**Q** 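Mind having a look at this structure? Questions to follow.
Everything numeric here is computed off the predicted structure, so don't read it as measured data. Any value given below was found using the heavy atoms of this structure, including those in side chains, with hydrogens, waters and symmetry copies removed. Throughout, protein chains are lettered first and strands after them, A, B, ... in sequence-line order, and every chain is numbered starting at 1.
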2 protein chains.
Amino acid sequence: MIRVVVVDDHEIVRKGMIAYLQTDGDIEVVGQASSGFAGVEVILQEKPDVVLMDLIMENGTGIEATKQVMEKFPECKIIILTSYYDDKQVFPAIEAGAFSYLLKTASADEIVQAIKKAVIGENVIEPKVANKMLTSFQKDTLKPHDELTPREMEVLLCIGNGLTNQEISEKLYIGIKTVKTHVSNILSKLGVSDRTQAAVYVHRNGLL
Amino acid sequence: MIRVVVVDDHEIVRKGMIAYLQTDGDIEVVGQASSGFAGVEVILQEKPDVVLMDLIMENGTGIEATKQVMEKFPECKIIILTSYYDDKQVFPAIEAGAFSYLLKTASADEIVQAIKKAVIGENVIEPKVANKMLTSFQKDTLKPHDELTPREMEVLLCIGNGLTNQEISEKLYIGIKTVKTHVSNILSKLGVSDRTQAAVYVHRNGLL
DNA sequence: AAGTAACTCGGACTTGAGACGGAGAGGAAA
DNA sequence: TTTCCTCTCCGTCTCAAGTCCGAGTTACTT
């Protein structure tokens, strides 16, 4: 039997969730709470295998509750349930030690599956959230030129080939003023101060 | 006996040379001429083993004579004798088929040795001329930046790192005017038109 | 003694580069 | 619809860059 605690300040959500979970023969709801503060008490007392935790609550956020639980009871698998995938608290929740991260748009069955996976060590991350995480992690290894627009990249490569603004404007069939605008944007995006350094950047990063 | 023909428009040189060569028991002077034109006639008639040919003569140059002889009598070893090592006709002479290339500053004994070496297939090239030939051959594989002075190379590498003239002047403890002078010289030596192209050159040739 | 090459600097000059601010057109997403 | 991004372009302005000229200094070679 999988021992579960449900923490959510919306009573209707909490009750409904519990009712559904009880229909599954492998799951036993051993506790519930309507705030993060109360949730920590219940969890530390019942020592459940899995916790379903709402992220946004009136009395103490899910983040704080998660942190406190992980400090004293790190074996616990906390599944975060939230309404918005672009919530700014996604990453703090992960950092706090949440094990899985689901949206409330997920079907009841998905939630059950997430609980069962949690006990065997598999975490479930909502695709859109996973995407956000991925791009976030990549941001550390993100090269400055990745934020260049396609047109700017074209111009940058021209600079890397030693072309002047005039030559670039002729090659790309645009005005020299436009080239200057692109160059200015490129320089500030790359964090360099002139085209020569931009050319050096191109070759140092093997863009050619 | 080594059969030799001497071609030189200066009578005193010709006579002196012949007189000296005759003192060597292995050499026999079988003909002489005071112009390239006449020289060809004598050579084709006498079929000597070796020819001592002056490069600069009034009637037909040694170059032309050498070419004509090599066409009809290629086995002949023609030794070019000239006064100046930086003569512009050095390479045309070699191309025409001259076998050895000596300066008139060479000692009489050196000339005799050159003759004896010629018959056994060894050619003798004046060191300075050889040097000129070498650097000439190397010029094909010579990178433009090889002719940069050490200081210019320093400046070029700075450019390759994206430094401005001001920054270079501070790094090398010289005036910005001096930097500009170096940059100008660098650009013309590399055959590029601005510092950006110079920076590209640096990276394309792996100078950093 | 004379020549050559490298390094240094000066002044005057032209021009390309880049910054700054503004702006319109088109497309994609909320 | 509105917002946002991209691409496009304009004018103005400042300054670094580069050219062209000359010139003085070493140091090495002839």
**Q** Over how many whole Å does the gap from B:L148 atom CG to C:dA5 atom C1' extend?
**A**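 The distance from CG of B:L148 to C1' of C:dA5 comes to 15 Å, rounded to the nearest Å.
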**Q** Flag the pair A:V40 / A:E64 as yes when at least one side-chain heavy-atom distance between them is below 4.5 Å, and no otherwise.
**A**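 Side-chain contact under 4.5 Å: no.
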**Q** Just to be sure I understand the geometry, which residues of residues 175-194 of chain B put a non-hydrogen atom under 4.0 Å away from DNA chain C?
**A**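 Result for residues 175-194 of chain B: B:G175, B:K177, B:T178, B:T181, B:H182, sorted by number.
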**Q** Can you tell if the side chain of A:R204 reaches within under 4.5 Å of the side chain of B:N161, non-hydrogen atoms only?
**A**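 Counting from C-beta outward, A:R204 and B:N161 do come under 4.5 Å.
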**Q** For B:K117, is the NZ atom crowded, meaning more than 12 foreign heavy atoms sit under 6.0 Å from it?
**A**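 No, NZ of B:K117 has 12 or fewer neighbouring heavy atoms, counting only those of other groups under 6.0 Å.
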**Q** To 10°, what angle do the rotation axes through the five end pairs on each side of the helix from C:dA1-D:dT30 to C:dA30-D:dT1 form?
**A**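 Computed angle between terminal axes is 40°.
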**Q** Between A:K116 and A:D24, is there a salt bridge with N-O shorter than 4.0 Å?
**A**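 Yes, charged N to carboxylate O under 4.0 Å.
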**Q** To the nearest 0.5 Å, what is the distance between OG1 on A:T82 and CG on A:L103?
**A**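 These two atoms lie 7.0 Å from each other.
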**Q** Does A:K180 have any salt bridge (charged side-chain N to carboxylate O under 4.0 Å, His left out) partners at least two apart in sequence or in another chain, and if so, which?
**A**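 A:K180 satisfies salt bridge (charged side-chain N to carboxylate O under 4.0 Å, His left out) with no other residue.
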**Q** For DNA chain D, determine which residues of residues 160-174 of chain B have any heavy atom closer than 4.0 angstrom to one of its atoms, and list them numerically.
**A**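 Residues of residues 160-174 of chain B that come under 4.0 Å of DNA chain D are, in numerical order, B:T164, B:N165.
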**Q** Separation of B:L156 atom CG from C:dC7 atom P, in whole Å?
**A**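 Those two atoms, CG and P, are 13 Å apart.
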**Q** Roughly how far apart are B:T164 OG1 and A:Q197 CD, rounded to 0.5 Å?
**A**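 Between atom OG1 of B:T164 and atom CD of A:Q197 there are 8.0 Å.
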**Q** Rounded to the nearest 0.5 Å, what's the gap from CD1 on A:I174 to CD1 on A:I168? Could you check?
**A**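 With rounding to 0.5 Å, CD1 (A:I174) is 8.0 Å from CD1 (A:I168).
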**Q** Should A:L21 and A:V6 count as side-chain neighbours, where that means a heavy-atom distance under 4.5 Å?
**A**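 Counting from C-beta outward, A:L21 and A:V6 do come under 4.5 Å.
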**Q** I want to check something: taking the side chain as every heavy atom from C-beta on, are B:M53 and B:T66 in contact at a cut-off of under 4.5 Å?
**A**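 Yes. Closest side-chain heavy atoms under 4.5 Å.
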**Q** Rounding to an integer number of Å, can you tell me how far A:R195 CZ sits from C:dG16 C1'?
**A**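 Distance, rounded to whole Å: 9 Å.
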**Q** Applying salt bridge (Lys or Arg N to Asp or Glu O under 4.0 Å) as the test, list every pair that has at least one member in residues 153-176 of chain B; sequence neighbours left out.
**A**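 Only B:R151-B:E154 qualify under salt bridge (Lys or Arg N to Asp or Glu O under 4.0 Å).
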**Q** Report yes if the side chains of B:S193 and B:L187 come closer than 4.5 Å at any heavy-atom pair, otherwise no.
**A**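 Counting from C-beta outward, B:S193 and B:L187 never come under 4.5 Å.
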**Q** What distance do B:D26 atom CG and B:I115 atom CD1 have between them, rounded to the nearest 0.5 Å?
**A**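 One gets 11.0 Å once the value is rounded to the nearest 0.5 Å.
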**Q** Which protein N or O atoms sit under 3.5 Å from an N or O of nucleotides 26-29 of chain C?
**A**
none

